[in-house]
Amino acid sequence: MAALAAARQGAAVTLVERNQKLGRKLYITGKGRCNVTNDCTVPELLQCIPQNSRFLTSALTRFPPEQVKAFFESCGVALKTERGNRVFPCSDKSADIIDALLLALRRAGVRLLQDRVIRLRLGNETLLGAEGEHNFYPCKAVILATGGVSYPLTGSTGDGYALAASAGHTVIPPRGSLVPLVAEQDFCARMQGLSLRNVAIQVKNSKKKTVYAEQGELLFTHFGLSGPLILSASAHMRNFQTDRYTVVMDLKPALTEEKLEKRLLRDFEENANRNFRHVLEGLVPRLMVPVLAELSGIPEDLKANSITKVQRRRLLELLKGLRVDIRGPRPVEEAIVTAGGIRVSEVDPRTMASKRMPGLFLAGELLDVDAYTGGFNLQIAWSTGHAAGEGAAAWALGLENEHLEAF
């Protein structure tokens, strides 16, 4: 997007890509479907960006979701809007988004080269160009859009942090956001592979304050918890170094405590002579039965008619509030998005220009910004890329004053 925006302003643009193919990370977004943006207003979008949203206001306002949609539709990609205003290509293929961008690059005359930039060539506080493993690329402006450190097999290995740091930038240590969670208890591992499609959770911090509450799908794993609901929750758990978090699950969100208690009474009465284990299998998935039996203290082979009121109450509390204490997030390499990155106070929010090195521009996940799931992170990529492209072109063409006056 940065290359396109710069080329459309009349600049001669070379896009240097370390992978053999462009858009490798885009292939896996949205489970291969590419959640290209979110069909919302800019104020709504800003509410979904917990880190440095104010910095992004200018870029998002100038290239908002409606313009991103219009851009891809003008490239021949039909789009659709699904639950949560998530926008996908009608084909459900991320390859269509990548193909559209490739075609647009060719039509704009962008030169594509495969190389890995290893350093910026600097001369007396002047940017002279970028040095790759194979060639030196002299230029008047450089845009760094190298991503963070999540999913390193796609090429996101943090190259941009070192390049920006060499030009005087501060790097906030990268960490995972939208990332699976490691549980303290071992019972999650005993339910490994179990997916709950309709569960409600609350995430509470050490002060018992609820920092996130939502309903959806989660997955038990050998290390703890994952799935869409947990990934979204993780973006709200931002202080693992100083705080402790607990995920409280309501396994029966459609039933109030009163209705669930009546259900339990009815099930126990109708199965009075059956073992507790068999009755519980009618309430929860089989993998969960031994865990709930152990946590409730009710022997699996106890007859239903022998279960006391106190035991029944303990089971009800588990069904409506199964607690999982969180040790921390999984490694940043497993995160969907990288939080942390280049300090945004060192970047011009209008043009994405470096305040440390004239001629250097920065965009996307490389910056210390991140958002919740739903297409918001890709929208940040498109908007900051667009701003950086226009800003870099104006700088290279000597039009930066005219460009800034347009704001």
Side-chain angles (χ1 to χ4, degrees), residues 1-3 5 15-19 22-30 34-38 45-46 48-53 55-56 59-60 63 65 68 94 97-98 101 116-117 142-165 167 169-179 231-232 234-235 238 329-347 349 352-354 360-389 391-392:
M1 185 59 75
L15 195 162
V16 184
E17 169 62 55
R18 60 174 286 184
N19 292 325
L22 286 175
R24 191 171 174 186
K25 200 167 188 178
L26 270 178
Y27 273 113
I28 63 174
T29 59
C34 195
N35 183 186
V36 68
T37 187
N38 191 284
L45 177 57
L46 291 169
C48 295
I49 303 171
Q51 187 72 4
N52 294 321
S53 59
F55 167 79
L56 293 168
L60 294 173
F63 198 56
V68 169
S94 57
I97 296 295
I98 297 167
L101 289 168
R116 182 175 184 175
V117 172
V142 169
I143 302 172
L144 296 180
T146 55
V149 289
S150 56
Y151 292 123
L153 291 178
T154 64
S156 295
T157 54
D159 290 10
Y161 299 138
L163 294 171
H169 279 283
T170 305
V171 180
I172 308 298
R175 65 185 189 282
S177 183
L178 307 181
V179 63
L231 296 179
S232 295
S234 72
R238 308 186 72 84
R330 288 289 285 177
V332 65
E333 291 82 6
E334 297 179 28
I336 291 176
V337 175
T338 304
I342 307 304
R343 191 187 297 278
V344 297
S345 61
E346 300 171 356
V347 180
M352 299 296 131
S354 165
L360 181 63
F361 297 77
L362 308 106
E365 199 175 352
L366 185 63
L367 298 164
D368 182 23
V369 293
D370 63 279
Y372 304 144
T373 56
F376 305 113
N377 287 289
L378 268 184
Q379 177 62 48
I380 292 172
W382 308 132
S383 295
T384 57
H386 192 269

If you take all heavy atoms of [X] and [Y], which pair is closest and at what distance?
X	Y	answer
Trp382	Val36	NE1-O, 2.8 Å
Pro50	Asp370	CD-O, 3.2 Å
Tyr27	Ser94	O-OG, 2.9 Å
Leu60	Ser383	CD2-OG, 3.4 Å

For [Y], is there any backbone N or O sitting under 3.5 Å from a side-chain donor or acceptor partner on [X]?
X	Y	answer
Gln379	Phe63	yes
Ser177	Ala339	no
Ser354	Leu360	no
Glu365	Thr338	yes

- Item | side-chain contact (heavy atoms from CB on, under 4.5 Å) assessment of Cys34 paired with Leu378 | CA-CA 9 Å; Cys34 195; Leu378 268 184; 3.9 Å; yes
- Task: Any pair with a residue in residues 149-160 that passes salt bridge (Lys or Arg N to Asp or Glu O under 4.0 Å), sequence neighbours left out, goes on the list, sorted by first then second residue, please.
- Result: Arg18-Asp159, Arg116-Asp159
- Message: Between Asn52 and Leu367, does the side-chain contact (heavy atoms from CB on, under 4.5 Å) criterion hold? Intermediate values first, please.
- Response: CA-CA 10 Å; Asn52 294 321; Leu367 298 164; over 6 Å; no
- side-chain contact (heavy atoms from CB on, under 4.5 Å) evaluation trace for Val171 with Ile342: CA-CA 5 Å; Val171 180; Ile342 307 304; 3.9 Å; yes
- Query: What residues, two or more places apart in sequence or in another chain, satisfy side-chain contact (heavy atoms from CB on, under 4.5 Å) together with Ala371?
  - Reply: Ile49, Phe376, Asn377, Ile380
- With Ser150 as reference, evaluate Arg175, Glu334, Lys25, Glu333 under the side chain to side chain donor-acceptor pair (under 3.5 Å) test and give the passing residue.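 Exactly one option meets the side chain to side chain donor-acceptor pair (under 3.5 Å) with Ser150, and it is Lys25.
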- Can you list the steps and then say if Phe55 with Val347 is a side-chain contact (heavy atoms from CB on, under 4.5 Å)? CA-CA 9 Å; Phe55 167 79; Val347 180; 3.9 Å; yes
